[in-house]
Amino acid sequence: MQYEHTEIEKKWQDEWRKRSTYRVENDTAKPKYYVLDMFPYPSGAGLHVGHPLGYIASDIVARYKRHSGFNVLHPMGYDSFGLPAEQYAIQTGQHPVKTTEINLARYREQLDRIGFSFDWSREVRTSDPNYYKWTQWIFLQLFDSWYDPDQDKARPISELIARFEERGCKGQDASVLTGDIEEFMGEFDAAEWKAFDERTKQLVLQYFRLAYLSDAWVNWCPALGTVLANDEVKDGVSERGGHPVERKKMRQWSMRITAYAQRLLDSLDDLDWSTSLKESQRNWIGRSEGATVRFAVGNDFIEVFTTRPDTLFGVSFITLAPEHVLVGKYTTDDRRPEVEAYVKTASNRSERERQAEVDKVSGVFTGSYAKHPFTGADVPIWVGDYVLSGYGTGAVMAVPGGDQRDWRFAKHFGLPIVAVTEGAEIDKEADERKDATICSEGFLKGMKVPEAITRAIQELEKLNAGEGRINFRLRDAAFGRQRYWGEPIPIYYKDGIPYPLPESALPLVLPEVDKFLPTEDGEPPLARAKNWSYEGNPLETTTMPGWAGSSWYFLRYMDPTNEGRFASPEAITYWQQIDLYMGGSEHATGHLLYFRFWTKFLHDRGWLPFDEPAKKLVNQGMIQGVSAKVLSVAAASFETNIKNVPSLYISSRAFTAMNQSGDYSLVKQVLAELNKGFDGVVTEITVTRLYADVRFVGMNDELDTDAFKRDREKNGSELNVRFIAENDGTFICSREVEKMSKSKFNVVNPDDIISKYGADTLRLYEMFLGPLEQSKPWDTNGIEGTFRFLRKFWNLFYESDVFSVSDEAPTKAEFKVLHATLKKVTEDIEHMSFNTSVSQFMIAVNELAALKCHKRDVLEPLTIALAPFAPHIAEELWQQLDHTESITTAPWPKWDAQYLVEDNFSYPISFNGKTRMQLEFPIALSKEEVEAQVLANPEVQQRLEGKAPKKVIVVPKRIVNIVV
RNA sequence: GCCCGGGUGGUGAAAUGGUAGACACGAGGGACUUAAAAUCCCUUGGUCCGUAAGGGCUGUGCGGGUUCAAGUCCCGCCCCGGGCACCA
């Protein structure tokens with residue numbers, strides 16, 4: 001019997017479904033292992049060959065762990081809320097539920113064909129009310145919590161209220177207040193708190209809640225009609241769709257992720273994640289140590305943040321961000337028109353413009369002065385858009401001698417530049433060295449920078465003019481979306497104050513609306529819903545962002561149908577953290593930060609025994625497309641009477657040759673053919689490169705010209721199409737490695753590969769391509785190798801088409817092949833080095849075929865070892881080996897070192913490090929004996945030409961090096 | 001500019017400081033076949049010497065260094081990919 005992949009794969013996919021082979025139970029004595037793939041968003045385009053790369057790798061690990069005696073949780077589900085489905089709904093009027101259903105079905109079908117061992121009975125979808133009930137529930141817990149900086153954890157808001165009733169709010173209590181320049185709330189004592197009316201109390205609490213409503217500067221995207229989080233904006237445009245984004249102040253739901261900044265940073269150290277990913281997170285959190293300094297202005301003050309308090313004596317002005325609340329206050333009347341005009345233009349400039357015009361210095365003087373805390377000197381207060389409102393306090397003390405941006409600003413406006421460090425060349429640039437010595441007059445003079453920083457902070461604290469402070473770049477996350485297709489936020493309003501829905505009212509189900517567009521008044525789509533109210537009070541109309549549902553989904557898989565909780569404590573205690581989390585590096589700063597944040601929060605409030613979601617995380621590399629391009633030639637001629645201008649395509653190598661020789665007779669020839677005896681001079685050749693769909697390109701970059709032509713004709717008429725081929729008649733495309741995408745016509749669909757070669761070949765080939773974490777181009781050409789391997793493997797079980805596996809005892813050589821393979825494959829899976837394990841399987845099959853080995857004791861363990869990689873063929877052969885239970889229940893075969901012991905070793909004999917010959921010696925031989933025998937060898941003697949070697953190095957079982 | 005990766009044949013790649021290029025694709029040659037497909041065998045980094053057997057030199061982005069021995073370790077550069085960036 002031949003290896004019939006189509007038949008075998010269909011048979012076992014059906015069989016696994018029927019038998020629920022991959023169903024996982026929570027109650028078992030086995031140790032657990034949790035392998036999770038990052039939640040896919042099921043787009044309409046379906047899967048291309050790059051998507052399953054990570055799924056295949058994690059599936060191999062899941063299967064391997066199952067063989068190794070673990071109870072493996074390996075689920076899959078969908079992040080099914082999101083903008084694309086909604087955009088589509090707006091365009092077509094079709095409900096996003098419908099399009100989502102269609103996309104999910106297609107996704108599932110594609111996934112099923114690859115033979116994954118997912119437990120589909122645990123599937124979750126973020127858009128399912130039974131799921132988002134718990135997303136809403138977690139939101140309510142966040143709303144009902146504050147961050148206690150003393151205990152360094154989230155606590156119920158009731159405990160904060162109790163505290164206010166007891167001792168009010170003062171000093172450090174407000175230190176967790178975050179957000180973009182929140183107005184200072186002020187202190188109050190217990191009596192004052194009790195005297196506050198309900199409205200005031202609620203407003204105060206908003207400052208502390210982890211999910212809170214406030215006026216914040218947001219990234220507003222007019223084209224999408226919604227607010228975006230910082231990580232959803234790339235280079236000033238929206239990450240999805242590339243629409244422009246502008247700054248806007250809006251009343252907005254936010255998540256106080258900043259309260260967790262330090263913890264998010266600290267616990268990175270213990271995670272088994274890639275360094276680059278951890279670095280991205282550290283970067284994004286952006287911790288910097290420094291000090292706040294208060295500059296008095298009359299009876300008031302301006303607070304700045306600086307990492308260099310040691311340069312305080314070099315301050316020559318203060319710059320406020322245009323959005324800073326104090327700008328209006330400190331602008332003198334005579335400067336007011338100018339300042340207001342500047343603030344207006346500055347705030348109208350989008351992030352993108354500000355970024356693009358980094359070199360353009362702009363600013364304006366407010367007319368006011370602040371007092372230097374040490375010298376008492378007058379320091380002018382300026383406004384400049386190089387200061388960001390969202391970082392630090394939105395104000396800087398400008399030290400042109402020590403900061404290049406301040407230097408540029410000072411130069412531009414003719415402000416004084418004072419040297420703060422020895423050796424600074426301040427007429428050229430600021431000196432930002434952190435190992436310099438302070439030279440500015442004052443008590444810091446002569447100190448090294450670090451020492452001066454400490455001292456400056458001490459002095460500031462003495463004067464009550466500032467203190468040491470740690471600042472973070474991380475901002476609170478915008479949480480509300482002015483969109484339809486997301487989780488409704490379970491909040492209603494009474495007298496304009498937000499109140500949480502009771503748990504009994506969950507899920508707050510997404511209402512039907514007549515259109516998925518904002519209302520005429522610019523209200524979000526939910527405002528169109530009828531009776532969108534709770535007990536007569538209006539409900540919140542914004543919905544949650546895409547990252548809400550994906551920030552806790554790993555917990556739901558543990559107990560997906562629980563109606564009383566997001567997951568039972570028993571399930572959580574059993575499954576714990578994700579042991580292996582697999583996904584793309586594009587989620588480095590978005591999903592993975594929120595994911596960690598929610599986990600820490602749920603931990604703080606006592607619902608989780610751990611505070612990190614994933615112990616180990618692996619980023620699979622991207623699979624790039626290899627685009628094919630066809631050279632299209634346009635010829636210009638002195639002759640103007642050419643009537644028939646053909647679409648002329650020229651094969652890549654022929655073109656290169658033509659270009660080198662300068663002989664364009666081929667082009668002329670075609671023109672002559674079409675224009676009856678054209679004999680003009682071809683004066684100019686211009687070439688454009690057109691994409692050819694990679695489906696038309698075969699082995700060795702050869703284009704199927706007929707298919708290409710038909711395709712071109714389908715998409716518009718081309719009358720005269722001519723191809724200039726190579727001498728052998730083939731037409732060659734030029735190739736280029738690019739991102740795999742529809743627009744580049746280089747998408748390879750896994751379905752096509754599976755139809756031709758089968759899922760097992762696809763799985764093996766994706767792993768064989770190279771190291772998992774590296775990006776690599778997809779080249780279908782190489783797939784034959786893995787396909788041939790599977791056929792050869794199959795043939796080990798067959799002799800002239802008859803299944804024949806013998807029970808004869810294997811020879812030493814056969815056992816050696818088996819155990820060497822088991823050792824390598826086992827170790828490789830542990831290190832996630834799948835490309836080398838596939839190589840090892842190939843070596844094994846080649847060697848066993850050469851040995852004509854058809855023995856059960858070799859083939860059976862080998863089949864189990866192959867099962868994680870190629871489950872269908874393994875399962876089929878397992879059955880043919882007379883097993884009735886699925887191969888997934890077979891224990892992993894252990895390698896045995898005794899079969900790998902060699903008696904002899906063939907030593908490479910090198911002279912001065914260059915290998916010259918091989919000599920075989922028994923392993924048992926000592927160093928000295930090897931040395932003696934090597935030197936006694938006639939060929940060695942001949943090479944030594946009678947001279948005594950300077951030195952002989954013998955490394956047992958490695959090498960002999962003779963130094964002459 | 002800063003922070004991470006990475007640079008090895010025609011291609012994807014392999015290599016605890018110890019025989020560079022395993023494995024696979026492609027290419028070339030051969031066997032089987034009426035022919036094709038499939039399969040199998042041989043050759044395949046470059047270069048030079050030799051009729052051949054075989055042998056020499058050279059070679060892991062570039063330049064230095066450490067070492068008996070460097071793709072691997074150290075120093076200084078170049079190039080490519082990714083992340084961050086008027087972050088005070």
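Just so you know, these numbers use all the heavy atoms, side chains as well, and skip hydrogens, waters and symmetry mates. Order of the sequence lines sets the chain letters (A, B, ...), proteins ahead of strands, with each chain counted from 1. Quick caveat, the model's predicted, so the values are computed rather than measured.
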| said: Tell me the interatomic distance from A:Leu268, atom CG, to B:rC4, atom C1', rounded to whole angstroms. | reply: 14 Å
| remark: note: A:Lys824, atom NZ; B:rA14, atom P; distance rounded to Å ~ 10 Å
| query | With the threshold set at 4.0 Å, does a side-chain nitrogen-carboxylate oxygen contact exist between A:Arg287 and A:Glu289? | reply | yes
| said: Base of B:rC86, side chain of A:Arg408 - is there a donor-acceptor contact under 3.5 Å? | reply: yes
| said: Please name the nucleotide paired to B:rA70 by Watson-Crick or G-U wobble geometry with both distances under 3.5 Å, or report none. | reply: none
| task | Please state whether the rings of A:Trp778 and A:Tyr765 are parallel, tilted or perpendicular, taking 30° and 60° as the class boundaries. | result | perpendicular
Table of protein N/O atoms under 3.5 Å from nucleotides 24-31 of chain B N/O atoms:
unit_1: B:rA24; atom_1: OP1; unit_2: A:Asn846; atom_2: ND2; d: 2.8
unit_1: B:rC25; atom_1: OP1; unit_2: A:Arg788; atom_2: NH1; d: 2.5
unit_1: B:rG26; atom_1: O3'; unit_2: A:Asn700; atom_2: OD1; d: 3.1
unit_1: B:rG26; atom_1: O3'; unit_2: A:Asn700; atom_2: ND2; d: 3.3
unit_1: B:rG26; atom_1: O2'; unit_2: A:Asn700; atom_2: OD1; d: 3.3
unit_1: B:rA27; atom_1: OP1; unit_2: A:Asn700; atom_2: ND2; d: 2.7

| task | Once you apply the 3.5 Å cut-off to both distances, tell me the Watson-Crick or G-U wobble partner of B:rU44, or none. | result | B:rG26
| Does A:Gln774 have a side-chain nitrogen or oxygen under 4.0 Å from the phosphate oxygens OP1 or OP2 of B:rA13? | yes
| task | Please work out which of the three classes, parallel, tilted or perpendicular, describes the rings of A:His372 and A:Phe313, given edges at 30° and 60°. | result | parallel
| Minimum-distance nucleotide to A:Pro908 side chain [options: B:rG83, B:rU19, B:rA88] | B:rU19
| task | Calculate the interatomic distance between A:Leu474 atom CG and B:rC87 atom C1'; express it in whole Å. | result | 13 Å
| message | What's A:Arg469 touching, base or sugar-phosphate or nothing? Going by heavy atoms closer than 4.0 Å. | response | nothing
| Atom P, compared across B:rA13 and B:rG81: separation rounded to whole Å | 16 Å
| query | Reckon A:Val963 touches a base, only the sugar-phosphate, or nothing at all at heavy-atom distances under 4.0 Å? | reply | sugar-phosphate
| request: Output yes when at least one side-chain N/O atom of A:Lys278 is less than 4.0 Å from OP1 or OP2 of B:rC3, else no. | output: no
| query | Using a cut-off of 4.0 Å on non-hydrogen atoms, how would the nucleic acid contact of A:Lys914 be classed: base, sugar-phosphate, or nothing? | reply | sugar-phosphate
| message | Suppose you measure atom C1' in B:rG45 against the same atom in B:rC2; what distance do you get, rounded to whole Å? | response | 39 Å
| message | Heavy atoms from C-beta onward define the side chain here; which of B:rG18, B:rC86, B:rA88 lies closest to that of A:Ile959? | response | B:rG18
| Side-chain (A:Asn471) to main-chain (A:Ser288) donor-acceptor, under 3.5 angstrom | no
| request: Provide the distance between the two P atoms, one in B:rG12 and one in B:rG61, to the nearest whole Å. | output: 14 Å
| query | Atom NZ of A:Lys852 to atom P of B:rU39: distance rounded to whole Å? | reply | 17 Å
| field | Nearest-angstrom distance from the residue atom CZ of A:Arg473 to P of B:rA88 | value | 10 Å
| task | With a 3.5 angstrom cut-off on both distances, give the Watson-Crick or G-U wobble partner of B:rA38, or none if there isn't one. | result | none
| Rounded distance (Å) that lies between atom P of B:rA15 and atom CD of A:Glu827 | 12 Å
| field | From A:Phe841 atom CZ to A:Leu866 atom CG, the distance as rounded to the nearest 0.5 Å | value | 5.0 Å
| query | Which is true for A:Gln918 with a 4.0 Å heavy-atom rule: it touches a base, it touches only sugar-phosphate, or it touches nothing? | reply | base
| message | Can you check the distance between B:rA24 and B:rG56, where both ends of the measurement are the P atom (answer in whole Å)? | response | 29 Å
| query | Looking for any heavy atom pair under 4.0 Å, which part of the strands does A:Ser276 touch: base, sugar-phosphate only, or nothing? | reply | sugar-phosphate
| remark: Result for 5'-nearest mapping on RNA chain B, choosing between A:Glu279 and A:Val396, is A:Glu279
| query | Which part of the nucleic acid, if any, lies within contact of A:Arg791, taking any heavy atom under 4.0 Å across all strands shown: a base, the sugar-phosphate backbone alone, or nothing? | reply | sugar-phosphate
| task | Name the orientation of the base relative to the sugar in B:rG9: syn if the glycosidic angle is within 90° of 0, else anti. | result | syn
| request: Please state the P separation for the pair B:rG59 and B:rG9 - nearest whole angstrom. | output: 14 Å
| query | Side chain of A:Asn961: nearest nucleotide among B:rA88, B:rA69, B:rG12? | reply | B:rA69
| message | Just the rounded figure in Å: distance from C1' of B:rA22 to CZ of A:Phe841. | response | 17 Å
| note | Assign each of A:Ser585 and A:Leu769 the nucleotide of RNA chain B bearing its closest heavy atom; nearer the 5' end lies the nucleotide of A:Leu769
| Side chains of A:Glu738 and A:Ser627: do they bring a donor and an acceptor to under 3.5 Å? | yes
| said: Heavy atoms only, 4.0 Å cut-off, all strands: where does A:Asn835 land among base, sugar-phosphate and nothing? | reply: sugar-phosphate
| query | Any side-chain N or O of A:Arg916 less than 4.0 Å from the OP1 or OP2 oxygen of B:rC57? | reply | yes
| field | Carboxylate-amine/guanidinium contact A:Glu931 A:Lys951, below 4.0 Å | value | no
| task | For the pair A:Phe789 and A:Phe793, name the ring-plane relationship: parallel under 30°, tilted 30 to 60°, perpendicular over 60°. | result | tilted
| query | In whole angstrom, what separates A:Phe911's CZ from B:rA69's C1'? | reply | 14 Å
| message | Using the C1' atom as the point on both nucleotides, what is the distance between B:rU44 and B:rA69, in whole Å? | response | 29 Å
| query | In terms of ring plane angle, is the pair A:Tyr798 and A:Trp794 parallel, tilted or perpendicular, where the classes change at 30° and 60°? | reply | parallel
| message | Using Watson-Crick or G-U wobble geometry with both distances under 3.5 Å, which nucleotide pairs with B:rC2? | response | B:rG83
| task | Verify, without hydrogens or angle tests, whether A:Tyr3 (side chain) and A:Lys792 (backbone) share a donor-acceptor contact under 3.5 angstrom. | result | no
| said: Taking 4.0 Å as the cut-off, does a side-chain nitrogen or oxygen of A:Lys776 come that near to OP1 or OP2 on B:rG12? | reply: no
| query | Taking the C1' atom of each, how far is B:rA38 from B:rA31, in whole Å? | reply | 14 Å
| query | Which base sits across from B:rG63 as a Watson-Crick or G-U pair, both distances under 3.5 Å? | reply | B:rC75
| said: Which nucleotide wins on minimum distance to the side chain of A:Thr275, given the candidates B:rG5, B:rA14, B:rC87? | reply: B:rG5
| task | Could you go through the side-chain hydrogen bond (donor to acceptor under 3.5 Å, both in side chains) check for A:Ser906 and A:Gln918 one step at a time? | result | CA-CA 6 Å; A:Ser906 177; A:Gln918 302 273 322; 2.9 Å; yes
| field | Rounded C1' spacing from B:rG6 to B:rC62 in Å | value | 16 Å
